[in-house]
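Throughout, a chain's letter reflects where its sequence line sits, starting with A, and its residues are numbered from 1.
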Amino acid sequence: MWLFHHYPQPIRQQHSHTRRHPSPPHSHTRHPTSVTLPPSTTNHLIQTLCKKGHLKQAIKALTQEPNPTQRTYELLIHTCALANSLSDGVTVNKRLMDDGFDTDSFLATKLIDMYSELGFIEYARKVFDGLSNRTIYVWNAFFQALTLAGCGLDVFGLFCEMNANGVKPDRFTYTYVLKACVASDSEVSLLAKGKEIHAHILRHGFEVNVHVMTTLVDMYARFGSVLEAGYVFDGMPAKNVVSWSAMIACYAKNGRAYEALQLFGEMMVEVDDLTPNSVTMVSVLQACGALAALEQGKLLHAYILRRGLDSVLPVIASLITMYARCGNLEVGKRVFDQMRKRDVVSWNALISSYGMHGFGEQAIEIYNEMLRNKIKPSPITFVSILGACSHAGLVDEGKRLFDSITKEHNMRPTVEHYACMVDLLGRANRLDEAAKIVQDMRMEPGPKVWGSLLGSCRIHCNVELAERASKRLFKLEPTNAGNYVLLAEVYAAAHLWDEVLRVKKLLQNQGLEKKSGCSWIEVKKKVYSFASVDEFNPHIEQLHAFLLQLSMEMKEQGYRPETKVVLYDVEEEEKERILLGHSEKLAVAFGLINSSRGETIRITKNLRLCEDCHSVTKFVSKFANREILVRDVNRIHHFKDGVCSCGDYW
DNA sequence: TTAGGGTTAG
């Protein structure tokens, strides 16, 4: 029994000779519930101690009880899990096996749950392996345990074995097996497995079960298969608030914020007796934030207050982030200030809000206040605060905070933290130091780290390092078009047009495409979107004419188009024409035409803001005397009087 | 005995 190697010898010897009723070989006949024995007061005592959470005393009492019942063991196991005590759990496990409960599938289920909760999947595996009569409960518990432990891949073989053994999957089995597809640490994508399970579900008539089908929607959502998720959702015979929320979350998480809001609207208007709850709100707020749809967001805020959902911490964290992403940092701060209770997520939300607005020093102040409030930082806290330092160019502060992860907080920096450091140093044009961090990392630098390095090379036009980083990235993420585009931009800036063409070919050969630019603007509570190549847009001619006129006026004032960002080796004039078609310029023009003076123009872009759009927007903010907020993938740019809040550092 | 959707970052 390797399982018990590290633990004290079982206590059986102490009580075996005190046992008044010698045990028959099989446990069940000896069970006090199945033989008529007077109810044991010790059993009762153990159970009471467990219910009150006095685990140590309960374990002690166990040594006095010769015939613990199944119920006693059940409570003991549960209490060990609650008390997070592996050693006690193992003691109980050992004792119940000695007592002949080793064939008890009910207790086996409980043991598997316990080991899973304690994070010891190998112990759970031992229990599972040692049991011959595996009921559906046992299989389900083990599937769930494997999934939680990130061993999703193991589930499929066992699922086949279970079917081969004639045990029929039930609605719970399917939810666990579907979850196993997404919760696998393995490199292989398990989408294909998920589709197989989908077929299995249909063959066995489970397409009527709301839980199973909702899990299926969620599985497709997590693989980014929005269409499949939609098919499943649309085909569901009955949907409840969870199904709707899952589909809304699917859109919100997969860059389809507009559809998320639409679906939410449909849910509110068309479906009776269905009330969105706090979970729904979180996804909808996310979608508003993604679109910078401030007016929609405010309506949701009012709704949250009416429904009394403002005491739900995740809702408030999403609300703070929504306001910040919509450019309204002050309101977000006010929401935070009014919270009666705050958790680390609330603080993280505020820190990252200040970070995305470029207020690095204030973000650090908030972080220090959080520590003074005795809130323990989470790994995400450090991502947020390092990101804030990066946006504000606070290199030394960032380095100090990074060191504090190990020195002051006894935590280990993750790949994400290293990626933040590479970004921080790289943006600040300290590429050598950034490269050294990558070299000295104690773990494998993943795509995020190399991606940060490549991004910095793009800003500072470092061809050699960009080639090194992209070589690794092309291996790690062969289908991420963004990496090819970044490298091409580095080459274009260096006028290495042959190389630009070579990278473009590489992209084409794999059937990949450059993600096209897209911008959104909210005007009078409606969201309008613009694409860079957008001949179908009804406003396009008007906008082009407007921009052409604007560009001429700006040129008189000293504007020079930043043609280096154009990835085509064409005449300057053509490059200027291409630049004028950028989606954010269309959105700015649309905003100027369709909103009244004094109104802030809020725009969102799906990519990083290009240098030319940045300088044009600065000009516009001055000449049209308008405040313009542009949120790109990285941060918020607040243009006013010809200046941007990022200080041209982004 | 067991169940489905969410929070903060990049």
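When only modelled atom types and interatomic distance are considered, A:Asp113 and A:Ser116 share no side-chain donor-acceptor pair under 3.5 Å. Side-chain contact check for A:Asn348 and A:Ser384: no donor-acceptor pair (N or O, by modelled atom type) lies under 3.5 Å. Of the N and O atoms on the side chains of A:His200 and A:Tyr174, at least one donor lies less than 3.5 Å from an acceptor on the other residue.
Taking the side chain of A:Ala249 as heavy atoms from C-beta on, and the options B:dG6, B:dA9, B:dG4, the nearest nucleotide is B:dG6. Between B:dT1, B:dT8, B:dG6, one nucleotide has an atom nearer to the side chain of A:Ser318 than all others, and that is B:dT8. Closest contact between the side chain of A:His391 and the listed nucleotides B:dG6, B:dG10, B:dA9 involves B:dG10. The listed nucleotides are B:dT2, B:dT7, B:dG6; the one nearest the side chain of A:Gln286 is B:dT7. Of the candidates B:dG5, B:dT1, B:dA3, the closest approach to any side-chain atom of A:Ala246 belongs to B:dG5. With B:dG6, B:dG4, B:dA3 as the candidates, the nucleotide lying closest to the side chain of A:Phe172 is B:dA3. The side chain of A:Tyr176 approaches B:dA3 more closely than any other nucleotide in the set B:dA3, B:dA9, B:dG4.
At the heavy-atom level, A:Thr280 lies under 4.0 Å from base atoms of the strands shown. In this structure, A:Ile380 reaches the bases: a heavy-atom distance under 4.0 Å links it to at least one base atom across the strands shown. Residue contacts shown for A:Lys110 include a base, since a base heavy atom lies under 4.0 Å away. Among the atoms of the strands shown, base atoms are found under 4.0 Å from some heavy atom of A:Asn277. Using a 4.0 Å heavy-atom cutoff across all strands shown, A:Val210 reaches at least one base atom of the nucleic acid. Residue contacts shown for A:Arg325 are absent, as no nucleic acid heavy atom lies under 4.0 Å away. At a threshold of 4.0 angstrom between heavy atoms, the contacts of A:Thr381 with the nucleic acid are absent. Nucleic acid contact class of A:Val217 (heavy atoms, under 4.0 Å, all strands): none. A:Asp423 comes within 4.0 angstrom of no nucleic acid atom, judged by non-hydrogen atoms across all strands. Counting non-hydrogen atoms under 4.0 angstrom, A:Asp218 reaches the backbone sugars and phosphates but no base. Residue A:Thr215 is classed as a sugar-phosphate contact, given heavy-atom separations below 4.0 Å to backbone atoms only. Using a 4.0 Å heavy-atom criterion, one finds that A:Val212 contacts no nucleic acid atom at all.
Of the options A:Ile636, A:Ile366, A:Leu329, a side-chain contact (heavy atoms from CB on, under 4.5 Å) to A:Ser353 is made by A:Leu329 and by none of the others. The only option from A:Ile121, A:Thr109, A:Val127, A:Val155 that meets the side-chain contact (heavy atoms from CB on, under 4.5 Å) definition with A:Phe142 turns out to be A:Ile121.
Between A:Tyr137 atom OH and B:dT2 atom C1' the separation is 8 Å, expressed in whole Å. A:Ile316 has its CD1 atom 19 Å from the P atom of B:dG6, to the nearest Å. When rounded to the nearest whole Å, the span between OH of A:Tyr367 and P of B:dT8 equals 20 Å. Taking atom CD on A:Gln144 and atom C1' on B:dT1, their separation rounds to 11 Å, with Å as the unit. Atom CZ in A:Phe143 sits roughly 15 Å away from atom C1' in B:dA3 (whole-Å rounding). For the pair A:Leu313 CG and B:dT8 C1', the computed distance is 12 Å after rounding to whole Å. Atom-to-atom, CG of A:Asn140 to P of B:dA3 comes out at 10 Å; the value is rounded to the nearest Å. The distance from atom CE of A:Met114 to atom P of B:dT2 is 18 Å, rounded to the nearest whole Å.
For B:dG6, the OP1/OP2 oxygens have no side-chain nitrogen or oxygen of A:Ser245 closer than 4.0 Å. The phosphate of B:dT7 has OP1 or OP2 within less than 4.0 Å of a side-chain N or O from A:Lys253. Look at A:Arg427 and you won't find any side-chain N or O under 4.0 angstrom from OP1 or OP2 of B:dG10. Distances shown here put every side-chain N or O of A:Gln70 at or beyond 4.0 Å from the OP1 or OP2 atom of B:dT1.
Applying the side-chain contact (heavy atoms from CB on, under 4.5 Å) criterion to A:Met411, with sequence neighbours excluded, gives A:Lys376, A:Pro379, A:Phe382, A:Ile405, A:His409.
With its ring centre under 5.5 Å from that of the base six-membered ring and a plane angle below 30°, A:His211 counts as stacked on B:dA3.
Judged by atom type and distance alone, A:Asn240 reaches the base of B:dG4 through a side-chain donor-acceptor pair under 3.5 Å.
The cationic atom of A:Lys239 (NZ for Lys, CZ for Arg) lies less than 6.0 Å from the six-membered ring centre of A:Phe233 and within 45° of the ring axis.
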